[in-house]
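Below you'll find the structure, written out as structure tokens, and then a few comments.
Residue numbers start from 1 in every chain, and the chains themselves are labelled A, B, ... in the order their sequence lines are given, proteins ahead of strands. It should be emphasised that the depicted structure is a prediction, and the values quoted were computed from it without experimental measurement.
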Amino acid sequence: MDFTLTEEQRMFADTARALFADTVTPDHWRRMMAAGETRDPARWAAIVESGFTQILLPEDAGGLALAEIDFALIAEAAGYVALPDPLVESAGIAAPMLASLAPDHAALADPAASIAIQHPANPLVADADSAAAIVLHRDGQAFVATPDQVRLVRRESIDPFRSVFAVEWDEATPLGSADWDLALDRGAVFAAAQGLGLAQRAIDMAVAYAKERQQFGKPIGTYQSVKHMLASAQVGIEFARPVVHAAAAQIGHRDVFSRARVSHAKIVALEAADQAARASIQVHGAMGYSWEVDVHLLLKRALALTGQWGTPAVHRARIGERLFTRPTGPDTTFAREYDHA
Amino acid sequence: MDFTLTEEQRMFADTARALFADTVTPDHWRRMMAAGETRDPARWAAIVESGFTQILLPEDAGGLALAEIDFALIAEAAGYVALPDPLVESAGIAAPMLASLAPDHAALADPAASIAIQHPANPLVADADSAAAIVLHRDGQAFVATPDQVRLVRRESIDPFRSVFAVEWDEATPLGSADWDLALDRGAVFAAAQGLGLAQRAIDMAVAYAKERQQFGKPIGTYQSVKHMLASAQVGIEFARPVVHAAAAQIGHRDVFSRARVSHAKIVALEAADQAARASIQVHGAMGYSWEVDVHLLLKRALALTGQWGTPAVHRARIGERLFTRPTGPDTTFAREYDHA
Amino acid sequence: MDLAYTPEQQAFRAEVRAWLAANVPAEPLDHFDASREGFEAHRRWEATLKTGDWGMVTWPKEYGGRGLDLIQWLIFEEEYARAGAPGRVGQNGIFLLGPTLIEFGTQAQKERFLPPMASGEEIWAQAWSEPQAGSDLAGVRATAVRDGDAYVLNGHKIWSSRAAFADIAFGLFRAPGSERHKGLSLIFFPLDTPGVTVNPIRKINGHVGFAEIFLEDVRVPAFNRLGDEGQGWHICMATAGFERGLMLRSPARYQVAAAALADLWKVRGNSADPALEADVVRAFMNAEAYALSIYRTASALIAGASIGPEASTNKIFWSELDIHLHRTALAILGPEAELLSEPGAHDWIDDYIFSLAGPIYAGSNEIQRNIIAERMLGLPR
Amino acid sequence: MDLAYTPEQQAFRAEVRAWLAANVPAEPLDHFDASREGFEAHRRWEATLKTGDWGMVTWPKEYGGRGLDLIQWLIFEEEYARAGAPGRVGQNGIFLLGPTLIEFGTQAQKERFLPPMASGEEIWAQAWSEPQAGSDLAGVRATAVRDGDAYVLNGHKIWSSRAAFADIAFGLFRAPGSERHKGLSLIFFPLDTPGVTVNPIRKINGHVGFAEIFLEDVRVPAFNRLGDEGQGWHICMATAGFERGLMLRSPARYQVAAAALADLWKVRGNSADPALEADVVRAFMNAEAYALSIYRTASALIAGASIGPEASTNKIFWSELDIHLHRTALAILGPEAELLSEPGAHDWIDDYIFSLAGPIYAGSNEIQRNIIAERMLGLPR
């Protein structure tokens, strides 16, 4: 029993944070919004260069064959900058699924290629237009297509960096049965990890503002109402993070216990993100309600991720299944299905 | 359309407040708790003297034939002192029901007699032991008995002033069909009115304490966390009171609209009481958690009343029926069933 | 207490309903903060309202009103919201400044400013905040120097709603050297006066709902000062009372939204989280409670009472109910909550984003809770 | 990261489980705050625990412990809670003072105080608060005057848990004339020392969980001072860290309560509000999250980290989850929530009342939020 991260995991996370800190500044956000863009080619090249697109791919597909907990730390760093580019869905969910079904697919051979995924939990497909391949879903079976083989209808998300599409298609390359539950688990746990990053960024921005902004002759950060709002939001993060990390570490169990933990992570991490973003907007006052201060990007991303990869209700039902049909109590915190079979 | 109280109504309420301020002081509470008593004969005599037991009785039963809104103001004053004696249930619910079924019953002839009532919404009967008559319920029919004609099994409530009994009985005097829905409406709206009083008392006690108690060199009432906790509780009261008063004024409509309003009043007034009592305990600190400071009496009464005369879930369902099956919108605030028949 | 409308009130409701049914545009207008076109379309709607004398029904007839009481005003608001009539682009004028003008203005000022306010010929922006004076409004630094029959204004205002497209603004200006609540005057300045520069600011939904205003030696007639010189703080607090109180946020809009939420639940509830039904019911309860509270206040005002610090409880209640209501809608919409609406559909996500401004503007809810604690409950400063 | 127990850890769990199964009293004991009899019954249980060397498994063997690590302590706590074993009447000693004594005590102090603490022969009360020093602990006024090899104590302590029946207490005393955080010393005083008067105070459930303590010229040996003279505040903060951190509230009790809540739901859910299922699930989630967080902290401590201001997040989280969990149970119980339990049944109402103390004691949640804001987030004082 050891709940600490390895040196290697911390290094990976540091690398990701440093890369994103350089390449996703508020200036980048604003330039991209002004131009209506949702990807940045130079940034994507740096991401590919760092190997982040290949973390979860098996070695025979040229990947690093690392685990979900490793990728979760990168997703958390991506959340901290509300990363516009499709790293998390492509490298965290779509690529590993495609690799499990069609390891020789051409899109996997190019580390710079992004892959999109249609999933029954999501009505729309993110970044389908710029993908080298789209993994498709029909009646439990998986298919694959390129964007020009399907009809894409763009819908407007409140998140200016989310490029989402209704995908209509008649024919595509069949890939056989696929593990859509595992895709959901990965989608949920990486959304949760992003939620942690979004939440911490929102608080960090609010703290910085509250130290500077003066009202009634002193920084607003000296007022208890501001302190307590942000402290409560930080409590939310502190008790979401261990759940997210445990969920990522246990995802491979693929049983009712691990699925409940993934669901728990998804619910509380996005709640933490929403709470922190709203607190941050309130602390920023009118400034927080303006387009010029970027805290709204965090709020909107948290809002979008809350509904994707399983709504809170879907995930609560999975936790309920574990709670009401399996043993409970303090000796079951790390239980696995076969322990009780 | 006039949402103000009449001069006469305000006078009644003032009389009640003055009477209770004199006869239900913290000293009275503590003496009664030490003695394990739930009624005070001298106080009851003063209540009877003021005519409060006869407000809702018809004139031919010696009553004042006033309306529920009049009695609600007295119930609010009773809540402010967590009145131990059975005025509200006896004079507000049981006596009017008995008067509607058996206007010549002996218990009604004596203004000092208290009457208890068994109702399908409540598992137990309050103050059944000291009642001159107990109105009983079986299969929608009403019966009446004296305490010695039934078997009373005392149960312990967390509220030291609530004397509650399981009532077992084989035979009693039949009174025919009764309007149990009207009894529920009265029980709910007067519980709500008591909730307003409980809530305001809890806040008043906390404000008084927060002005006196010093920490870190100044009164704790200067801290925003204390201010905002109490301000939020006060908001709860301010937006419960108009609902309670409207519910009491409209109870006679006896339609799906008026029942939804009664239910609304019951839910929010007891929520306000609970919120205010918990805030008051927190503001009092360890003092609030001790038996010596009486704020716990308010918390316990609020807790007991929350479950009696319909739980929040029961009342929410009644509001749902109104919301989902009747017209909604700003022109329906004061709607009555026949308006839309 | 009598909670039934009189026959006269019922007849008035019927009159309003009939007029609106005949006059409300069939197609929704572009939002008045979204574009100049949207703004001007709303101004034309105000002119249409004027043809029926509906600009501000509580005002005296000589200023474009109908001289009605607050209950009738509430009935008008109810029918207005029920009809889905356009938002009031003139709200800074008719709901905020107007009542203050009626209370503090001279006869000449009322004659000059009220009729075009009621008709939409002159649309008002507010200019309360400055970069260093938000919650701490007494920290305003903009100055007004008397020069003969005129004032010369200098300073920097921000978060001025409607200022991007409006005609005229009101704001607080201080005598040079004065401090805090003293030396402030409430002064009007047309936004096309030489020396005024207006820079629009986008809200988080992308609309230009705000602007910052730079004033450099802006010369306005002394006639444009409301009340006495140095009385600005007092007047401003009266205006804030209206803003937090029953004028700015009439209950009808929440009742309409709560009804729309119930409709959404009827359509989508089967495929949504069943636990959300409690929130749908709660949203309805909140809207009802707010309406009942405002009716009670209106009755008390008609009976001669005045609004005190309890207006701050209104601000907190409506802003929180608004957020809760829209969050419930988003939760029902689930994975589709993030999507901007298709044309003609209820725009839940945009209304949610708008609701987040509620606890911030018109005095943040933190300030409101301070006011309740100190002035209603008597806790020490 | 490896979230599986080692074979050794599993064997340890089995050992604990077997011992508890053989030794936990079949009938629940009277609460230790309810009566002297209940208190002494718990002391006897501590003696029984001692026969298995289970007094405080993390302590060194020479002081009555087993020298185990924090993961093993958590496993012990899990099995202890799971077995429904009696509450720890010695918690002020073993969880609060003990770790501080191990860090700051002399060899002689450890030998004198730890073994009877681990065995229950000497039961400790805490004496932090004074009438004017609650949240503001640095406001204590009780004094300690050095007189040769002794201290003479004077003052008035209050809200001392266990003091009604305990043997000895620890508290802060100041050098006369010193102020605030300076000049304080942490000193132990047996409650039967001449000059000590203990007046029990009833909690809102009627139990005598607190006492106030009057000290009049109470003479204790200088040996009873922990750490250096004047170092009391520093030591006290270390103790508070344990109190807010993982020691005082091990997660197992909440997991047991959450499981009981799920059982209550299975039995009564059909006749309760269906919306409450979400709260039952939430209570389980909260208990799990708290357990995971404590496992993470324990792993970090084993790896050499130390507990900082984040301990304050623990205090807030467990106190709020405890209240939420019990409120959910009361809501499920509906009209029967007010009733004290029948013998042998889970006492939801009494546990709810107890939970309300959580946000108050061991530093109110308001103080904890200040600490998080100032020391974790770096906001200005």
Side-chain angles (χ1 to χ4, degrees), chain A residues 33 119-124 126 155-160 162 164 166 213-218 220 223-226 228-229 274 277-279 281-297 299-317, chain C residues 128-129 131-139 158-161 180 200-210 212 271-276 319 323 327 330-342 347-350 352-354 356-362 364-367 369-370:
Chain A
M33 276 194 284
H119 191 279
N122 304 328
L124 302 175
R155 295 290 305 277
E156 286 297 323
S157 168
I158 189 75
D159 180 343
R162 267 178 62 83
V164 290
R213 170 75 172 170
Q214 307 248 340
Q215 288 288 273
F216 303 101
K218 52 185 184 174
I220 61 170
Y223 291 98
Q224 258 191 337
S225 61
V226 168
H228 288 195
M229 201 185 319
D274 180 69
R278 290 204 291 146
I281 285 177
Q282 185 70 18
V283 168
H284 279 87
M287 200 69 84
Y289 196 70
S290 79
W291 187 271
E292 326 298 324
V293 169
D294 311 290
V295 64
H296 69 95
L297 295 174
L299 177 92
K300 291 167 178 174
R301 180 66 54 86
L303 196 152
L305 290 178
T306 297
Q308 305 309 305
W309 302 106
T311 62
V314 164
H315 286 293
R316 197 179 65 229
Chain C
W128 290 134
S129 297
Q132 298 309 318
S135 288
D136 181 13
L137 188 55
I158 196 167
W159 314 122
S160 299
S161 55
R180 306 292 303 162
I201 303 176
R202 282 196 294 171
K203 295 194 289 191
I204 55 178
N205 66 356
H207 288 170
V208 287
F210 308 124
E212 55 183 347
S271 58
D273 178 1
L276 291 170
S319 60
I323 291 173
R327 287 177 72 78
L330 296 191
I332 295 170
L333 292 170
E336 293 167 38
E338 67 171 316
L339 300 176
L340 302 188
S341 74
E342 306 286 337
D347 203 342
W348 291 108
I349 181 71
D350 201 57
Y352 170 62
I353 298 287
F354 177 69
L356 295 180
I360 295 170
Y361 81 114
S364 74
N365 283 13
E366 286 73 32
I367 297 293
R369 287 192 163 86
N370 287 351

Exercise. With respect to chain A, which residue among C:A337, C:G334, C:G134 yields the maximal number of heavy-atom pairs within a distance under 4.5 Å?
Worked result: C:G134
Exercise. Between A:Y289 and C:L356, what is the shortest heavy-atom contact and its length?
Worked result: CE1-C, 4.2 Å
Exercise. Of the backbone (N, CA, C, O) and the side chain (C-beta and beyond), which part of C:N205 lies under 4.5 Å from a heavy atom of chain A, both, or neither?
Worked result: backbone
For this session: Please state whether the side chain, the backbone, both or neither of A:I220 comes within less than 4.5 Å of a heavy atom of chain C.
Result: neither
Exercise. Sequence neighbours excluded, which residues qualify as salt bridge (charged side-chain N to carboxylate O under 4.0 Å, His left out) partners of C:R180?
Worked result: C:D136
Seminar exercise, completed: When every non-hydrogen atom of A:F216 is compared with those of C:S135, the smallest separation belongs to CZ-O, 3.5 Å
For this session: Please report the closest heavy-atom contact between A:E292 and C:R202, naming both atoms and the distance.
Result: OE2-N, 3.5 Å
Exercise. So what's closer than 4.5 Å to chain C heavy atoms on A:A121: side chain, backbone, both or neither?
Worked result: backbone
For this session: Over all heavy atoms of both residues, which pair between A:Q308 and C:P335 is shortest? Give the atoms and the distance, please.
Result: NE2-O, 3.0 Å
Problem set entry | 4.5 Å side-chain heavy-atom contact, A:M287 and C:W159 | yes
Seminar exercise, completed: When the 4.5 angstrom heavy-atom criterion is applied to C:P131 and chain A, the contacting part is backbone
Exercise. Side chain, backbone, both or neither: which part of C:A272 has an atom under 4.5 Å from a heavy atom of chain A?
Worked result: neither
For this session: Show your working on side-chain contact (heavy atoms from CB on, under 4.5 Å) between C:E336 and A:R155 and close with a plain yes or no.
Result: CA-CA 10 Å; C:E336 293 167 38; A:R155 295 290 305 277; over 6 Å; no
Seminar exercise, completed: Counting heavy-atom pairs under 4.5 angstrom with chain A, the leader among C:S129, C:A133, C:P274 is C:A133
Seminar exercise, completed: Honestly, the part of C:L330 sitting under 4.5 Å from a heavy atom of chain A is side chain
For this session: Indicate yes or no: at least one non-hydrogen side-chain atom of A:V295 is less than 4.5 angstrom from one of C:I204.
Result: no
Problem set entry | Heavy-atom pairs under 4.5 Å with chain C, option from A:G288, A:G285, A:S225 with the top count | A:G285
Exercise. Minimum heavy-atom separation for C:R327 to A:R278, with atom names?
Worked result: NH1-NE, 3.2 Å
Exercise. What distance do C:I349 atom CD1 and A:L303 atom CG have between them, rounded to the nearest 0.5 Å?
Worked result: 4.5 Å
Problem set entry | Proximity breakdown for C:I158 and chain A, heavy-atom pairs closer than 4.5 Å | neither
Exercise. Between A:H284, A:Q214, A:E156, which residue shows the highest count of heavy-atom pairs closer than 4.5 Å to chain C?
Worked result: A:E156
Exercise. Under 3.5 Å, side chain of C:Q132 to main-chain N/O of A:Q215, donor-acceptor pair present?
Worked result: no
Exercise. Based on non-hydrogen pairs under 4.5 Å, which of A:H296, A:Q282, A:R213 is most in contact with chain C?
Worked result: A:Q282
Exercise. Side chain, backbone, both or neither: which part of A:L297 has a heavy atom under 4.5 Å from chain C?
Worked result: neither
Exercise. Going through the checks in order, is the side-chain contact (heavy atoms from CB on, under 4.5 Å) test met by C:I353 and A:I158?
Worked result: CA-CA 9 Å; C:I353 298 287; A:I158 189 75; 4.1 Å; yes
Problem set entry | Non-neighbouring partners of C:E338 that pass salt bridge (charged side-chain N to carboxylate O under 4.0 Å, His left out), sequence neighbours left out | A:R162
